[in-house]
There are 2 protein chains.
Amino acid sequence: MPPSRTTRKQRRDAMEQRVLAAAEQLVRDGENFGELSVERLAGVSGISRSTFYVHFEDKGDLARRMTKAVVADLEEVSTDWWSTADQADRGQLRTAIGAIIDVYRHRGAAFTLVSQAAAVDESVADELRGLMRRLIDRTRQAIELGQAAGAMRPVEPRETAAVLIWMIERVGHQMLRPSDSGGHDKVADVLTDIIWSTLYRV
Amino acid sequence: MPPSRTTRKQRRDAMEQRVLAAAEQLVRDGENFGELSVERLAGVSGISRSTFYVHFEDKGDLARRMTKAVVADLEEVSTDWWSTADQADRGQLRTAIGAIIDVYRHRGAAFTLVSQAAAVDESVADELRGLMRRLIDRTRQAIELGQAAGAMRPVEPRETAAVLIWMIERVGHQMLRPSDSGGHDKVADVLTDIIWSTLYRV
DNA sequence: ATCATTTCCGGACACGTTGTCCGGACAGAG
DNA sequence: CTCTGTCCGGACAACGTGTCCGGAAATGAT
């Protein structure tokens, strides 16, 4: 028999992807990740509970993979702002913030899942802390560059970067519920105004 | 027999307070609230497991009361700022922020407990969201008053209030680890600068 | 001082979840 | 065709939960 079009590993990855997507969807529908039983998770994913344990060590394992999957999106979209931070261009800032907001909007459930899991599972929390640390660090560098270029006010680079990143993170979780999607632009405007006022506006 | 010096209700409240304090202490020592069994919780508090259920509906009930307690602390210390928000006085703002930071510093474990519980227990999350909404609402009113008095910039009151409150919450929770207590003043300075730049500085 | 009430304890119970293991079915790989 | 990987369903022990009970102890009222 010739190797079928879908290899074993492909199907394996596809299934695990299905489980991740199902978990994300459940959280998006308002379920609490911590209150989800493996039974329910497996059922929605179309596999049996025992099969779940073949693919995942436990629920925390799932959350850790979700964390990694989500990290790239945020980091990638943040690059736009970091690279133009030394130009005091409010329009560019607004565009960059809008892009970040979009990531939270589309993958918001994944972030919520990760946050909920991090509160319970220390290894997930470590994974998340590492991500935030990287974001903060690169933002700090951007601020230092902007200050060197004379485009930014003399704020404390390290602390300001941390506060702004945590602010964006929290807003992404708490204020971008799909329910009131009308206000998303307004939220992006407000974030832009706060960052602009803090970093650039003389 | 004359009523003893401590009435029933007094002792009841005292015991429940002891349980709250014990839980807070356990979290302060690095325990995860979600992984704490009622057995352990009761044991540390010096009561039996069955007695715990006489005083608390469940672990979530304990967390909800903790939530009310800590947010009440926040609300009380925030009053100073809300009442003077229409005066563009940076020193007053800095003092108010410092007071808020102090609450997070001293009751940090309680906030951690609430966060951990909210991640697992939807009712705790609801309680927290509701109480935060109150903080946001009063901040929004303060902004509207400040704008009416001509002291503040024309920001969106509702969204800006929400973003700033969530920013403070996240910073208090993530950036005020007792380990590096030296940076707390710097954090308060940065928060003050951000809020000042956003709301007041022309 | 006596008596009723409240409070606490320890133990039991049914229930749900977890993580592990197994035998058997089935399809893809060699 | 045979072997191997994958999945299922079911079982299991272990643990935590929330509820209930009987009895002991402390407390308040008479």
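Residue numbers begin at 1 in each chain, while the letters A, B, ... track the order of the sequences.
Residues passing the side-chain contact (heavy atoms from CB on, under 4.5 Å) test with B/Val54, sequence neighbours excluded: none. Here A/Arg133 pairs with nothing under the salt bridge (charged side-chain N to carboxylate O under 4.0 Å, His left out) rule; sequence neighbours left out.
Taking atom CD of residue A/Gln10 and atom P of nucleotide C/dA29, one finds them 10 Å apart after rounding to whole Å. Protein atom CD of A/Glu35 is 19 Å distant from nucleotide atom P of D/dG16, rounded to whole Å. Straight-line distance from the CZ atom of B/Arg11 to the C1' atom of D/dA26: 8 Å, rounded to whole Å. Rounding to whole angstrom units, CD1 of residue B/Ile47 and C1' of C/dC8 are separated by 9 Å. Here the P atom of nucleotide D/dT6 and the CZ atom of A/Phe52 are 17 Å apart, to the nearest Å. Going from atom CZ of A/Arg12 over to atom C1' of D/dT4 covers 14 Å, rounded to whole Å.
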In residues 154-165 of chain A, what donor-acceptor pairs under 3.5 Å come from side-chain atoms, sequence neighbours left out?
unit_1: A/Thr160; atom_1: OG1; unit_2: A/Glu156; atom_2: O; d: 2.6

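Applying the side-chain contact (heavy atoms from CB on, under 4.5 Å) test between A/Arg170 and each of B/Glu169, B/His173, B/Met167 identifies B/Glu169 as the sole match.
B/Gly46 comes within 4.0 angstrom of the backbone, heavy atoms only, and of no base.
Here the side chain of A/Arg28 pairs no donor or acceptor atom with the backbone of A/Ala23 at under 3.5 angstrom.
Between the side chains of B/Arg64 and B/Ser123, at least one donor-acceptor pair of N or O atoms lies under 3.5 Å.
The side chain of B/Thr51 contributes no N or O atom lying less than 4.0 Å from OP1 or OP2 of C/dC8. Contact annotation: B/His55 reaches the phosphate of C/dC8 (side-chain N/O to OP1 or OP2, under 4.0 Å).
Only at 4.0 angstrom or more do the heavy atoms of residues 14-23 of chain A sit from any atom of DNA chain C, so none qualifies.
B/Arg90 and B/Asp193 are joined by a salt bridge, as a carboxylate oxygen and a charged side-chain nitrogen come within less than 4.0 angstrom of each other. Electrostatic pairing of B/Arg134 and B/Asp137 does not count as a salt bridge here, judged by no charged N lying under 4.0 Å from a carboxylate O.
The salt bridge (Lys or Arg N to Asp or Glu O under 4.0 Å) analysis of residues 38-51 of chain B, with sequence neighbours excluded, yields the pairs B/Glu31-B/Arg40.
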Quiz prompt | Heavy-atom protein contacts under 4.0 Å, nucleotides 15-23 of chain C, coded B base, S sugar-phosphate only, - none | solution = ---BBBB--
